[in-house]
Amino acid sequence: MVYLVWGGPTSLGDEPKSGRPKTSTNEENTTRVDELIRCDRRMKIREIALKLKIPKSTVHEIVHDTLGYRKVSARRVPKILTEDHKLQRVEISQCLLQRCQQGNGDEDTTHIGVGPGGDFQANNNLFDNLITGDETWVHLNTPETKRDSMTWKHPSSPVTKKFKVPRSAAKVMATVFWDAKGVILLDLAASDFHLFGPLKRHLGGMAFETEDDLISELRNWFDNLDVDFFQVGINSLLSLWQKCIDPHGDYVEK
């Protein structure tokens with residue numbers, strides 16, 4: 001519809017506008033951003049915005065909300081696993097799981113289920129004869145982790161401060177072999193998946209004058225652990241074996 005007014009005809013419809021559209025979060029820019037990230041996983045939001053000549057806020061929205069990317073640090077692993085290494089890890093885990101499922105020929109039948117905590121549990125004499133072990137460095141001064149130092153804060157409470165405390169250079173190598181009933185051999189010259197995590201948390205915030213003091217504390221900690229602690233750790237091997245099989249022998253994300 002056109003009305004005649006002073007100055008010429010004027011349309012009530014939308015007239016075509018020049019320049020960039022109001023929003024640059026469109027399918028074309030989304031595809032271009034995705035292509036840049038796939039070519040260089042370390043590219044920053046600012047660099048993408050400059051290269052594509054679109055606002056940083058738009059790039060941030062595309063990257064996080066539309067494409068669902070999140071930036072993470074590369075996970076450090078002990079060594080690169082070859083295909084042969086992965087195959088061996090899978091075969092060993094499958095063999096151990098099969099032994100649990102088949103039982104050991106005694107009158108007692110094997111039972112595999114899921115416990116209250118979600119971990120696999122097995123009633124099998126295989127676990128009674130299973131020994132595991134690992135080693136770790138234990139420092140005379142082990143700083144408390146940021147997570148363990150967290151406290152409840154009310155909106156009116158003052159902000160707490162925590163000074164950075166470096167780990168001491170003096171340290172002791174702890175080598176532990178254990179089964180479902182407890183520690184078999186403790187060499188101080190558990191295993192990382194179950195034993196060493198609680199140990200490091202126990203030592204968090206502690207400081208020792210000498211290596212003998214540290215060794216004494218380590219022995220006391222191991223001696224005072226409940227037998228159920230070791231039983232749970234051995235039973236959790238079932239789920240760890242399965243986690244090794246699922247990614248075809250590759251490292252498992254924690």
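This chain uses plain numbering: 1 for the first residue, then up along the sequence.
From His202, atom NE2 reaches atom CG of Leu218 across 8.0 Å, with rounding to the nearest 0.5 Å. The CD1 atom of Ile45 sits 11.5 Å away from atom CD of Glu61, with the distance rounded to the nearest 0.5 Å. Atom CE of Met43 sits about 6.0 Å away from atom CD1 of Ile48, to the nearest 0.5 Å. Distance CZ/Phe177 to OG1/Thr132: 8.5 Å, rounded to 0.5 Å. Between Glu47 atom CD and Arg42 atom CZ the span is 11.5 Å, to the nearest 0.5 Å. Rounding to the nearest 0.5 Å gives a distance of 4.5 Å between CD of Glu217 and CE of Met206.
The closest donor-acceptor contact from the side chain of Thr30 to the backbone of Asn26 lies under 3.5 Å. Here the side chain of Ser93 pairs a donor or acceptor atom with the backbone of Arg89 at under 3.5 angstrom.
When all heavy atoms of Val176 and Phe222 are compared, the closest pair comes out as CG2-CZ, 3.8 Å. Residues Asp228 and Asp226 share a closest heavy-atom pair of N-OD2, 2.9 Å. Of all heavy-atom pairs spanning Val183 and Trp178, the tightest one is CA-CB, 3.9 Å.
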(request) Start with the C-alpha gap between Asp179 and Phe230, add the side-chain angles, then the distance that decides, and say whether side-chain contact (heavy atoms from CB on, under 4.5 Å) holds. (result) CA-CA 7 Å; Asp179 61 7; Phe230 298 99; 5.9 Å; no
(message) I'd like to know whether Leu36 forms a side-chain contact (heavy atoms from CB on, under 4.5 Å) with Lys51, so could you lay out the CA-CA distance, the side-chain angles of the two residues, the decisive distance to 0.1 Å, and finally the verdict.
(response) CA-CA 9 Å; Leu36 286 177; Lys51 195 172 187 64; 3.7 Å; yes
(message) Is there a side-chain contact (heavy atoms from CB on, under 4.5 Å) between Leu97 and Ile245? Walk through the geometry before answering.
(response) CA-CA 10 Å; Leu97 283 175; Ile245 296 173; 3.5 Å; yes
(request) Begin from the C-alpha positions of Lys200 and Thr136 and carry the test side-chain contact (heavy atoms from CB on, under 4.5 Å) through to its verdict. (result) CA-CA 10 Å; Lys200 296 294 180 64; Thr136 186; 3.1 Å; yes
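Leu50 and Val33 are members of different hydrophobic clusters when ILVMFWY side chains are connected at heavy-atom separations under 4.5 Å.
Exactly one of Ile62, Val59, Thr66 qualifies for a side-chain contact (heavy atoms from CB on, under 4.5 Å) with Asn29. That residue is Ile62.
For the 3.5 Å distance criterion, the side chains of Thr210 and Asp213 qualify, holding a donor opposite an acceptor. Side-chain atoms of His85 and Thr82 include a donor-acceptor pair closer than 3.5 Å.
In this structure, Ser216 and Arg219 have side chains that are not in contact, with every pair of non-hydrogen atoms separated by 4.5 Å or more.
Lys86 is linked by a side-chain contact (heavy atoms from CB on, under 4.5 Å) to Leu81, Glu83, Asp250, counting only residues two or more places apart in sequence or in another chain. With sequence neighbours left out, the salt bridge (Lys or Arg N to Asp or Glu O under 4.0 Å) criterion links Arg38 to Asp34.
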